Amino acid sequence: MQLLLIHSDYIEYEVKKSTPVAEKIEDSFKQGRLEEALTAFIAVEKVDEANVEGAISKAVEEIRNVATQVKAENIMVYPYAHLSSDLSSPKAGVAVLKGIEDALSGDYTVKRAPFGWYKAFKISCKGHPLSELSRSIVPDEPTGKESSSCGEAVKEEVVSEALKAESTAKSYWHVLTPDGELHDAATFDFTGHDNLGKFVDYEISKKRAVEKAPPHVELMRRLELADYEPGSDSGNMRYYPKGRLMKSLLENYVLEETSKVGAMEVETPLMYDMNHPTLKKYLDRFPARQYSIESDKRQMFLRFAACFGQFLMNHDMTISYKNLPLKMVEMTRYSFRKEQRGELVGLRRLRAFTMPDMHSLCADMEGAIDQFGKQYNMCIAVLDKIGIKVDDFEVAIRFTREFYNENKDFITNLAKTVDKPVLVEMWDTRFFYFVLKFEFNFVDALAKASALSTVQIDVENADRYDINYIDSDGSANRPVILHCSPSGAIERCIYGLLEKEAMKAEEGGVPMLPLWLSPTQVRVIPIADKHMDYAMLVADKLNCRVDIDDREDTVGKKIREAGREWIPYVVVVGDSEVESGTVNVTIRAESEPKKPVKVEMSPDELNARIAAETEGMPYKGLCLSKMLSQRPKFL
RNA sequence: GCCUCGGUGGCUUAGGGGUAUAGCGCGUCCUUGGUAAGGACGAGGCCGUGGGUUCAAAUCCCACCCGAGGCUCCA
């Protein structure tokens, strides 16, 4: 059953026309109005037919809960078929609706709109945070507190128990300064911390300033990195050679970093059985978020992170306390989340994305906190190397009050590490699977925030997946699990880089990608045909991704195009270079608009410079042919 | 998913019931060039898809698909 609950100043309806499934009604029933009402728009679904009573009681429980929270005394039960594409039979529908009406009518003033009629209605929604809520109900589902699982995607659809907790456990918003002071977020002075202010606005008051397309959407296409794929589902992109190269480098880099901290790389399936006992309950609760596919007679769903596969693997493993902390990582290509259509934007939010997902099994909370601190620092370092600096993101730390009181110094240190104020969200009780989490949020050109790196301390899933380790005394214990995505989604890192450079260009700077990620690192432009041999000689001497613009165009035009491609080093060779054996290099990083910085140097000097700049970062060769005349255009 | 706006050669776009605009890119030719667009000619279009209205639809109407913004949400 699908429920849409609207707390309204009033609701009124009037029947217009009957449909073939219309119930017979008296004239008095043909219109109705309720003041200060909670309206429950309801679509009864096929699954409800299996247990009509169960569906009724679950729905009634939900409605009562919300009515209590919003202090509504009047309830309108309103059949609304459009909430579902899998409707029950009309007979079952009417039975459920009547059942709900009867069950509620003792304690509330209840009206029910007739079933099977076209109706005109007017509703005035109050617009407060709880005034619009939706619920999916599946009858006969055990209630319990296994309310969530790995991955942030579950937040919205967390089962009723957790939702109840969320509504009562209100969020306390603070700003934590490096001196350990906890300020009220509402009254904090954000002067000098503009981006944090934007982020806090985005998080708390949900304020949106601008109404234009994000710059990275045009850039990802113009730089021939990525594009929409009309032949697939929305949010599933195609990546051209340059985009694939960048992704590949980023993926390799993050995996290398996790390997350095001892993570074992594994690979787990993309799809799982919906009826697997451990996963089933969870999935019944969050079907809307999943891509589900039918495979012969089995119902499968696509993973939205690596948690499933890794936890199932952990479950089967024999783990000693000597192996802890035990880390596993996978570069999930892809993680799938069936986000709502309106939420998809360019590379910022996708339905299929590449995310490093590392899990650390720790002996106890003490060990988990120690790891949390280390991984916090690793995330900062990883983003920094990728090209997203501490100044480019804002930190959010979320925890329970209890956790804070026991670990004040630790939390304060997190703010000290980044040496700037951070946003804090605190809850009185825990209603997610974690007790502590942080994210680094990139704030883009349009003041929108999106999460990159994150680490969470998970205190539920070891139990759910029955994961244990053997302690020194021979007893089996539950580990505490950390979820960590050191960089966040790879596509989102690219989005961040593009947005950052777009902002730089806006402010009069020259945009470019980090050298180690630039698809072409050096472009050689021969002035005339007779300089081609020397151009090839130079290209051979350079140990990097170097290409040659051998097309029939003027030098001016080739320079211009190299600039539009954000190429870090542009080398022009003509008679004088051939004679001196040098190259004339335009250094983009040091240039200003209309003011290129040109330096004459030897190929060896250029090599040394590039080697120093890309030291320690992964390398791959050119992703397109060396000669520009031989390259196809992708756009 | 809901609301608003949009979809015209590969890309960016003009137009808006009756031969479809231009620029870039592409091809051929001329030009052999020194740091952000040299010149000429040419090819290329089921005007997002499907219905409807009309003598006639790219144009008006409806539905759907895709994109952008808002709500919501997140890696």
Side-chain angles (χ1 to χ4, degrees), chain A residues 2 4 82-85 125 127 129 132-134 151-157 202-203 206-214 217-218 221-222 224 227-235 288-289 304-305 332 334-335 337-357 439-442 446 448-454 483-493 495-496 525-532 552-564 570-577 584-586 591 593-598 632-635:
Chain A
Q2 301 293 331
L4 174 65
H82 317 289
L83 293 171
S84 172
S85 55
C125 176
E132 294 172 81
L133 298 164
S134 64
E152 284 305 281
V154 303
K155 193 167 170 182
E156 156 90 350
E157 281 89 354
Y202 189 85
E203 274 285 317
K206 311 290 183 190
K207 200 165 78 189
R208 304 289 188 279
V210 215
E211 291 189 12
K212 57 177 182 183
V217 174
E218 195 219 320
R221 307 183 72 233
R222 214 201 69 211
E224 287 194 324
D227 207 347
Y228 299 107
E229 174 49 74
S232 181
D233 190 23
S234 305
R289 288 288 192 175
F304 57 73
T332 63
Y334 295 108
S335 285
R337 300 185 188 177
K338 205 154 187 332
E339 308 292 6
Q340 300 182 80
R341 268 207 83 233
E343 293 169 352
L344 305 167
V345 207
L347 292 174
R348 185 164 99 100
R349 195 108 190 271
L350 298 167
R351 280 183 175 169
F353 58 97
T354 309
M355 178 179 68
D357 200 4
E439 321 110 45
F440 295 151
N441 290 272
F442 181 82
L446 276 37
K448 296 199 186 227
S450 31
L452 289 166
S453 317
T454 178
H483 300 241
C484 168
S485 187
S487 60
I490 299 297
E491 295 85 351
R492 194 170 270 186
C493 289
Y495 143 84
I525 301 178
I527 287 187
D529 286 353
K530 61 178 172 180
H531 306 119
M532 265 305 293
E552 293 289 318
D553 271 314
T554 58
V555 174
K557 187 161 178 181
K558 291 177 182 178
I559 298 283
R560 178 172 190 266
E561 289 210 359
R564 281 176 59 83
V570 179
V571 165
V572 177
V573 293
D575 287 338
S576 61
E577 285 77 19
N584 192 318
V585 188
T586 302
S591 300
K594 311 273 180 199
K595 272 191 254 166
V597 170
K598 288 178 277 183
K633 284 210 152 46
F634 288 86
L635 277 169

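Computed from a predicted model, the values in this text were never measured in an experiment.
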Suppose you measure atom P in B:rC64 against the same atom in B:rG70; what distance do you get, rounded to whole Å?
23 Å

Stems involving RNA chain B, each a run of at least 3 consecutive Watson-Crick or G-U pairs under 3.5 Å
B:1-7 with B:65-71, B:10-12 with B:22-24, B:26-30 with B:38-42, B:48-52 with B:60-64

Strictly below 4.0 Å: does A:Tyr228 bring a side-chain N or O up to OP1 or OP2 of B:rA68?
yes

On a whole-Å scale, what distance lies between the P atoms belonging to B:rC47 and B:rU21?
14 Å

Nearest-Å distance for atom pair CZ/C1', residues A:Arg337 and B:rU72
16 Å

With no hydrogens and no angle check, is any side-chain donor or acceptor of A:Arg492 less than 3.5 Å from a backbone partner on A:Arg348?
yes

Same-atom distance (C1') from B:rC65 to B:rG51, integer angstrom
14 Å

C1'-based separation of B:rA14 from B:rA20 [nearest Å]
10 Å

Hey, does A:Arg341 have a side-chain heavy atom less than 4.5 Å from the side chain of A:Ser234?
yes

Base, backbone or nothing for each nucleotide of nucleotides 3-14 of chain B, written B, S, -, heavy atoms under 4.0 angstrom, 5' to 3'?
-------SSS--

When you measure from the side-chain N and O atoms of A:Ser450 to the phosphate of B:rC74, is any distance below 4.0 Å, counting only OP1 and OP2?
no

Whole-Å distance between B:rC74 P and A:Phe440 CZ?
18 Å

Side-chain heavy atoms of A:Thr354 within contact of A:Tyr334, under 4.5 Å:
yes

Distance, C1' atom - from B:rU4 to B:rU8, rounded to whole angstrom
22 Å

Which part of the nucleic acid does A:Pro356 contact within heavy-atom distance under 4.0 Å: base, sugar-phosphate only, or nothing?
nothing

What is the distance, rounded to the nearest whole Å, between atom CZ of A:Phe304 and atom P of B:rC74?
12 Å

Would you say A:Arg351's side chain and A:Lys338's backbone share a donor-acceptor pair under 3.5 angstrom?
no

Expected output: side-chain A:Ser485 to main-chain A:Asp357 donor-acceptor under 3.5 Å
no

Start with the C-alpha distance between A:Ile525 and A:Lys557, add both sets of side-chain angles, then the distance that settles side chain to side chain contact (heavy atoms under 4.5 Å, CB included), and finish with yes or no.
CA-CA 11 Å; A:Ile525 301 178; A:Lys557 187 161 178 181; over 6 Å; no

Suppose you measure atom P in B:rA22 against the same atom in B:rA36; what distance do you get, rounded to whole Å?
30 Å

Mind checking if A:Leu350 touches a base, just sugar-phosphate, or nothing, with heavy atoms under 4.0 Å?
base

Between A:Pro230 and A:Val345, just flag the one whose closest nucleotide in RNA chain B comes earlier from the 5' side.
A:Pro230

Quick one: list whatever passes side chain to side chain contact (heavy atoms under 4.5 Å, CB included) with A:Ser335, sequence neighbours left out.
A:Thr332, A:Phe353, A:Met355

Go along nucleotides 26-38 of chain B 5' to 3' and tag each nucleotide: B for a protein heavy atom under 4.0 Å from its base, S when only backbone or sugar atoms are that close, - otherwise.
S----BBBBBBBB

Categorize A:Ala352 for me: base, sugar-phosphate, or nothing, with a 4.0 angstrom heavy-atom threshold over every strand shown.
nothing

Go through A:Tyr228 and A:Val217 one step at a time and tell me if the side chain to side chain contact (heavy atoms under 4.5 Å, CB included) criterion holds.
CA-CA 10 Å; A:Tyr228 299 107; A:Val217 174; 3.6 Å; yes

C1'-based separation of B:rU19 from B:rA56 [nearest Å]
14 Å

Between B:rG67 and B:rC24, how far apart are the P atoms? Round to whole Å, please.
30 Å

Side chain to side chain contact (heavy atoms under 4.5 Å, CB included) filter on A:Arg221, not counting sequence neighbours, yields A:Asp227, A:Leu635

A:Ser591: which residues meet the side chain to side chain contact (heavy atoms under 4.5 Å, CB included) condition with it, sequence neighbours left out?
A:Thr586, A:Pro596, A:Val597

Whole-Å distance, A:Arg341 CZ to B:rG1 P, equals 6 Å

I want to verify a distance call: between B:rA68, B:rC73, B:rC66, whose nearest atom is closest to the A:Arg349 side chain?
B:rC73

Within this structure, what is the CZ-to-C1' distance between A:Arg351 and B:rC66, rounded to whole angstrom?
12 Å

Rounded to the Å, how far apart are A:Leu347 CG and B:rA68 P?
11 Å

Can you tell me if A:Glu224 uses its side chain to pair, donor with acceptor, with the backbone of A:Phe634 under 3.5 Å?
yes

Just by distance, do the side chain of A:Glu577 and the backbone of A:Gly574 share a donor-acceptor pair under 3.5 Å?
yes

A:Arg348 side-chain N/O to B:rC73 phosphate OP1/OP2 under 4.0 Å
no

With sugar-phosphate meaning primed atoms plus P, OP1 and OP2, does A:Gly346 contact a base, only sugar-phosphate, or nothing at under 4.0 Å between heavy atoms?
sugar-phosphate

Side chain to side chain contact (heavy atoms under 4.5 Å, CB included) between A:Arg337 and A:Leu350, worked out:
CA-CA 8 Å; A:Arg337 300 185 188 177; A:Leu350 298 167; over 6 Å; no

